[in-house]
Amino acid sequence: MLTGSGLGYRRALATDLLSQPHDTPIHFIEAAPENWLKMGGILRHQFDQAAERYPLALHGLSLSLGGFAPLDFELLKQIKQMMQQYHTSFFSEHISFSQDNAHLYDLLPVPFTEDMVHHIAKRICQVQDFLGEKIAVENTSYYFHSPLAEMNEVQFLNAITQEADCYIHLDVNNIYVNAINHQLLPAKQFIDNVDKNRVKYIHIAGHNADNPQILIDTHGETVHENVWDLLDYAYAQLPQIPPTLLERDFHFPTFDELLNEVQHIENLQKKYKKEI
Ligand SMILES: [Fe+2]
C-alpha cells in the first residue's frame, strides 16, 4: 500500500535506494511503465530489487488520454501485467495528449472544454474497464492557454474525474507553475476548489525560474519554497493525507539532499496527522 513520502525511481538513484536504512523517509517509489517494459540486464535487476523493497506506484507517460488516436491497448495490456507483477493497484496518467502514435512523451495541453471533458472521461472509463482498477489523472503544466477554454483548469479536472469516477493525482508544482505563467487561476484557489475527496496521490517537484515570468516544470531543481507552502496548504484542507512523491529526474544533487526533501514531505504529513 502506498503511504507517506516517496521518491521517483531513476536508474542513477538505484544504488542509494537499495542501501537505505530501515528508518529512511522513503516509503515508496514510482516509475513510468514505458521506461521499464523492455528493460533487461542489471538495470532491470536493480529495479526489481527496489520494487521488492518498496511499494511501487506506476505513472504513465504516453496513453494520451486527451488524444484522438485509438487507445493503445497493447500498451495497456503490458501495464496491466506490470501492475500484477509488482503487486500495485496504483496507476496514474496525465490529462494531456502525446504526439499520436509517436510515443514521444510530449505532454501537450488540451483545451478546457465540455467536449474534451466527455472525450477524456470516456477514454479514462475505457482504461479503467480494461485494468479493472480506478486510475488517477494528473494536472499537468502547460505553456499555451487555449482561447477555446470554457472553464478554468480546476473545473476541467473536477468535471473529468467526476464523469469518469476516477481519482485525482495532484501535482502541486504544476499548479504553481501554471498559476504564475498564466495568471488565470491563483494556486491556492485551485486547491480550494479541487474535488478533495478524489485526491489520492500528490507530486511535488522543482521548477526552473531563470525567467520569473515563465517558470518551467523541469523536475531538475530543488523544490521552491512557495511550492512547499502550497503542499502545506493542500494538506491542511484535504480530508486525508495522500502518499506524496518527490519527482527528480535529472541534475541530481547528493542523495542526502534528496533525502532532506523527502523528509520535508514526511514532516509536513506528520504535522497534519491524517495518515491514510
Ligand atoms: Fe507530476
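As the structure lists them, so they are numbered: ligands from 1, and atoms in each ligand from 1. For clarity, every value in this text was computed on a predicted model and none was experimentally measured.
Of all the N, O or S atoms in E138, the one closest to the Fe ion (ligand 1) is OE2. Closest N/O/S atom of E247 to the Fe ion (ligand 1): OE1. Nearest N, O or S atom of D171 to the Fe ion (ligand 1): atom OD2.
Using the six-membered ring where Trp is involved, F47 and W36 have ring planes that are parallel, under 30° apart on the 30 and 60° scheme. Using cut-offs of 30° and 60° on the angle between ring planes, the pair Y235 and Y272 is perpendicular.
Under the 6.0 Å cut-off for aromatic ring centres, Y167 and F91 do not qualify, their centroids lying 6.0 Å or more apart.
Taking backbone and side chain together, H203 holds an N, O or S atom under 2.8 Å from the Fe ion (ligand 1).
At a threshold of 4.5 Å between non-hydrogen side-chain atoms, the residues K80 and F130 count as touching.
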